[in-house]
There are 2 protein chains.
Amino acid sequence: MAPRAASLHAVVPALLLVLLLLAASAPAPAGASSRRRSTPSPFPAALAPPRYPVAPAADGSGNATAAKPFTAHYFPQELDHFTFTPNSSRVFSHKYLLNDTFWRKPAGAAAAGPLFVYTGNEGDIEWFATNTGFMFDIAPRFGALLVFIEHRFYGESMPFGNDSYKSADTLGYLTSTQALADFAILITSLKSNLSVPDAPVVVFGGSYGGMLASWFRLKYPHVAMGAVASSAPILQFDDITPWTSFYDAVSEDFKSESLNCFTVIKSVWNVLDARGSNATGLLALSKTFRACKTVQYVDSLSNWMWTAFTYTAMTDYPTPADFLENLPAYPVKEMCKIIDAFPAGADVVDKAFAAASLYYNYTGDQKCFKVEGGDDPHGLNGWGWQACTEMIMPMNVSSESMFPPSGFSYEERSEECVESYGIRPRDHWITTEYGGTKIYQVLKRFGSNIIFSNGMRDPWSRGGVLKNISSSIIALVTEEGAHHLDFRSATKEDPDWVVEQRRQEVEIIQGWIDQYNQDTAEMSQ
Amino acid sequence: MAPRAASLHAVVPALLLVLLLLAASAPAPAGASSRRRSTPSPFPAALAPPRYPVAPAADGSGNATAAKPFTAHYFPQELDHFTFTPNSSRVFSHKYLLNDTFWRKPAGAAAAGPLFVYTGNEGDIEWFATNTGFMFDIAPRFGALLVFIEHRFYGESMPFGNDSYKSADTLGYLTSTQALADFAILITSLKSNLSVPDAPVVVFGGSYGGMLASWFRLKYPHVAMGAVASSAPILQFDDITPWTSFYDAVSEDFKSESLNCFTVIKSVWNVLDARGSNATGLLALSKTFRACKTVQYVDSLSNWMWTAFTYTAMTDYPTPADFLENLPAYPVKEMCKIIDAFPAGADVVDKAFAAASLYYNYTGDQKCFKVEGGDDPHGLNGWGWQACTEMIMPMNVSSESMFPPSGFSYEERSEECVESYGIRPRDHWITTEYGGTKIYQVLKRFGSNIIFSNGMRDPWSRGGVLKNISSSIIALVTEEGAHHLDFRSATKEDPDWVVEQRRQEVEIIQGWIDQYNQDTAEMSQ
């Protein structure tokens with residue numbers, strides 16, 4: 001295993017575990033310092049949860065309201081669907097949310113409205129429900145029952161209670177295949193209990209949840225007749241997508257706003273490393289960065305900025321939004337404006353810090369920044385485990401990007417995971433289980449009723465499905481969209497292209513349901 | 001739990017475990033004796049293995065040869081694909097067979113021939129390879145590499161060696177989902193090692209192996225581009241197929257030959273029960289049945305005959321065959337001829353015994369019959385476990401059938417399984433995981449490239465797919481066919497309709513491969 005700063009381990013909180021893992025497994029780039037630079041994981045799981053979760057309005061107006069537009073329920077879920085060992089029949093309490101405000105219940109000859117089911121991803125399901133206003137917005141039109149199912153080992157759905165994260169003996173059951181089977185069993189049971197066994201089910205998911213939604217449609221077509229997968233990077237595995245594409249895309253976002261902005265950010269990392277190489281320098285940088293406590297490792301400052309630029313690119317929405325952090329419309333443009341407003345001779349660290357501050361402190365209420373340390377109130381840290389088992393998404397940082405170059409090594413990731421959890425990743429399991437390689441050929445004549453939506457401002461779009469696969473496996477791509485923008489509540493400020501994208505999604509879903517009802521009628525004749 | 005003869009347990013060998021389970025779980029029919037009548041499982045796993053396994057000729061001539069037309073190989077397979085607990089990474093030696101006699105290896109610009117992969121079922125893979133001559137017969141035309149993969153926990157593929165069947169701790173990993181993942185990993189690895197990552201794969205399977213083949217195509221379309229599922233009763237679960245259909249079909253086979261034959265068999269069970277109710281009667285019956293040892297339980301005699309009639313219906317082939325037992329062409333007709341040849345006033349037990357003897361002793365070399373006891377040289381007894389976990393196929397015996405009526409109860413099956421293995425079945429897991437309910441609607445617009453072939457003389461056909469689902473999910477049904485007849489080696493005596501069925505299968509497979517190659521060429525442009 002390559003050398004790295006052992007002490008770094010201690011200061012990186014569990015929430016940022018993925019960052020550490022990626023850092024440890026990246027080979028040192030030529031000419032870089034011997035100390036490892038961390039490559040932050042851009043997955044939301046590795047993010048601080050939003051500080052001010054806001055529930056979408058149940059009336060679809062887009063106006064936020066403090067009341068929760070759903071009720072919480074719990075399902076007795078079996079621990080292991082794929083074995084019958086004595087442990088496998090252990091039952092845990094699996095959380096899901098319901099909103100039946102708009103549901104067209106079965107009455108006489110009239111068929112029930114559809115179930116719109118969100119396939120929860122790596123966090124508290126209430127967070128995802130709160131940030132998927134699209135489902136609330138379109139429910140009235142379809143008379144849909146809304147269901148949001150939590151992913152096992154997140155939020156309240158802890159199979160071993162407080163011991164769930166104790167070791168591989170318990171965490172071992174945190175896998176995507178078990179989660180998909182959870183969804184299948186819960187949906188089937190729910191429909192049975194509601195006496196609507198024939199109601200159509202459409203699954204929705206964003207990011208990892210979108211990967212799950214599309215895989216669910218492919219693996220359980222008898223449970224879900226359609227899937228809307230927003231910003232789902234199902235092709236970010238193996239060699240399907242170039243490993244450099246993610247950070248190249250982040251960099252392009254900034255470069256497209258201003259070449260100066262890109263150049264400033266690209267130049268800051270070495271300056272930061274040099275100044276932070278001793279205690280005096282770190283003290284000075286801590287003041288520059290307005291750190292709440294004096295920073296002990298210069299990597300913490302790099303990570304802090306890296307996170308800001310990466311996640312701002314992901315959430316480069318055309319309207320003000322509060323998904324990961326509270327941000328103005330087009331925040332990348334705003335960051336670059338900040339950088340470009342400095343006099344040419346100003347200090348590069350000052351420029352980059354000012355831009356990054358927009359991410360953490362747009363509302364201006366942060367008196368200081370917790371550059372090191374943090375908490376995990378939403379129980380998001382299971383992604384560290386998932387990134388060490390199934391979710392091996394190789395990423396390089398190219399020398400053309402605005403980040404310091406780094407590589408990826410399966411071997412080093414594996415060693416790091418053994419050290420952290422005592423297990424080895426199965427590097428190619430995801431593509432063996434779910435496919436991905438040559439997907440345009442494999443699914444050309446197999447499967448149906450999937451929407452893959454992506455916005456090209458979102459660096460995750462590069463690992464998504466960006467072209468139509470068939471007449472019913474559709475790619476909806478917007479040049480200006482960001483990470484599952486289409487799933488956010490509609491607002492009056494939405495630009496036409498996202499209004500149009502959502503309109504197309506509604507039209508396609510309507511087509512699925514019409515066809516389903518027609519098929520049902522024909523079959524029952 | 002309903003009362004039953006406890007001592008029966010001790011005398012029923014492991015091989016016939018399924019019989020006992022079904023017997024125990026069937027409620028006593030009205031008017032039946034309080035002692036339970038066993039309902040034999042018609043699944044091949046519950047059968048004695050063939051006494052004279054004969055390898056098909058590699059030249060496709062149908063002439064048997066003693067040389068094995070395959071080589072055995074072993075793959076390091078992971079125990080549990082769906083968890084990452086410390087136990088899951090245990091590796092076992094997974095057996096598969098290869099025949100590359102006809103394989104068109106990749107050479108220059110010429111694409112490699114396809115892989116034809118048999119998805120092994122509940123027994124020694126060599127037995128299935130030996131009885132699937134169809135694949136050998138058609139390999140030359142396609143230039144196909146033949147691969148036969150053993151099912152975990154059968155034959156030599158024992159994850160825990162001699163301890164594999166010790167308890168639920170080990171047997172727990174014997175599930176269909178794990179087996180399918182085994183296949184996916186092995187095929188992917190094999191193609192990689194042979195440097196033919198793009199070669200098309202078609203999976204073949206008969207009976208439970210056919211269920212696996214069709215499920216594999218549905219779950220792993222990126223690994224197999226087509227599936228031929230022969231006599232695969234994927235709809236024999238839940239309430240999809242009437243529970244009485246299996247034994248009604250057996251009875252119809254006999255009735256169609258001769259009403260007298262049907263009536264004689266229908267009347268024998270009560271006579272047998274009455275005569276066997278005491279030791280003197282059992283001694284006399286043991287002589288009538290030419291038992292090697294005096295029979296201790298009259299149920300053993302019923303089972304022995306029940307097995308003969310049921311399995312003869314399954315293997316009611318139009319040519320002499322030696323799959324389960326050595327039998328003449330149209331053996332049901334032959335049995336009925338035997339019964340009908342008796343004088344009207346002859347003893348009903350004599351008639352039924354004479355007919356049943358055809359099944360066990362067509363060649364006339366059995367000096368006596370092992371009515372009680374037996375052995376399991378082919379390691380087939382895992383089906384007992386599978387029938388207690390996933391494979392819950394409810395079966396009743398109706399009063400219209402030629403067998404004594406009996407019912408089925410989920411609760412009693414469950415209690416029996418707890419008693420036998422300490423685990424409870426998951427009654428509806430198969431339809432949740434693989435579907436089946438409303439399959440004609442679900443797959444009408446999903447999936448492709450599956451052939452479901454059935455012969456209506458085979459009682460399993462009733463639980464199969466008997467109508468086309470779409471233009472590429474095809475049902476091939478023959479009125480006179482029996483259990484995966486199409487998969488047997490061609491012979492000169494084959495009737496036209498089976499020749500035609502196989503011709504259609506070849507034509508359809510050729511169409512899949514042509515389309516695959518065309519798609520590949522277009523995609524690479």
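In this text the structure is predicted, and so the values were computed from the model without any measurement. Letters A, B, ... mirror the listed sequences (proteins, then strands); counts begin at 1.
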In short, Tyr440(B) meets Met523(A) closest at the heavy-atom pair O-CE, 3.3 Å
Thr175(A) versus chain B, heavy atoms under 4.5 Å apart: side chain, backbone, both or neither? side chain
Cut-off 4.5 Å, heavy atoms of chain B, and the answer for Asn87(A) is neither
Step by step, work out the side chain to side chain contact (heavy atoms under 4.5 Å, CB included) result for Thr85(A) and Tyr173(B). CA-CA 7 Å; Thr85(A) 56; Tyr173(B) 300 94; 3.6 Å; yes
In Å, rounded to the nearest 0.5 Å, how long is the span from NE2 of His428(A) to CD1 of Ile185(B)? 12.0 Å
Of the listed residues (Leu174(B), Ile439(B), Ile187(B), Thr520(B)), which shares the most heavy-atom pairs with chain A below a 4.5 Å separation? Thr520(B)
Bottom line for Thr177(A): the part with an atom under 4.5 Å from chain B's heavy atoms is side chain
Using non-hydrogen atoms and a 4.5 Å limit, figure out which bit of Glu390(B) sits close to chain A: side chain, backbone, both or neither. both
Does atom NZ of Lys438(B) have more than 12 heavy-atom neighbours from other groups under 6.0 Å away? no
Most heavy-atom pairs under 4.5 angstrom with chain B, which of Val223(A), Leu218(A), Ile423(A)? Leu218(A)
Side chain, backbone, both or neither: which part of Glu433(B) has a heavy atom under 4.5 Å from chain A? both
Lys444(A) (side chain) donor-acceptor with Asp519(B) (main chain) under 3.5 angstrom: no
Would you confirm whether the ring centroid of Phe446(B) sits within less than 6.0 angstrom of the ring centroid of Phe446(A)? yes
Please look at Ser472(A) and chain B and tell me whether the side chain, the backbone, both or neither of the residue comes under 4.5 angstrom of a heavy atom of that chain. neither
Just say parallel, tilted or perpendicular for the rings of Trp429(B) and His81(A), cut-offs at 30° and 60°. parallel
Count the heavy-atom pairs under 4.5 Å between each of Val442(A), Thr437(A), Leu180(A) and chain B, then report the option with the highest count. Val442(A)
Is the NZ or CZ atom of Arg445(A) positioned over Tyr516(B)'s six-membered ring, under 6.0 angstrom from the centre and within 45° of the axis? no
So, the part of Arg424(A) with a heavy atom under 4.5 Å from chain B: the answer is backbone
Ranked by heavy-atom pairs below 4.5 Å to chain A, first place among Gly436(B), Ser167(B), Pro86(B), Ser89(B) goes to Pro86(B)
Donor-acceptor contact below 3.5 Å, side chain Gln178(B) vs main chain Thr83(A): no
Got a second to check how far Phe82(A)'s CZ is from Ser88(B)'s OG, nearest 0.5 Å? 13.5 Å
Contacting region of Glu522(A) [heavy-atom separation from chain B under 4.5 Å]: side chain
Short question: side chain of His222(B), backbone of Thr432(A) - any donor-acceptor pair under 3.5 Å? yes
Check whether Ala181(A) gets within reach of chain B through its side chain, its backbone, both or neither, counting any heavy atom under 4.5 Å. side chain
Would Lys219(B) pass as a cation-pi partner of Tyr220(A), given that its NZ or CZ must be under 6.0 Å from the six-membered ring centre and within 45 degrees of the axis? yes
Can the positive tip of Arg426(B) be found less than 6.0 Å from the middle of the six-membered ring of Phe84(A), inside 45° of the ring normal? yes
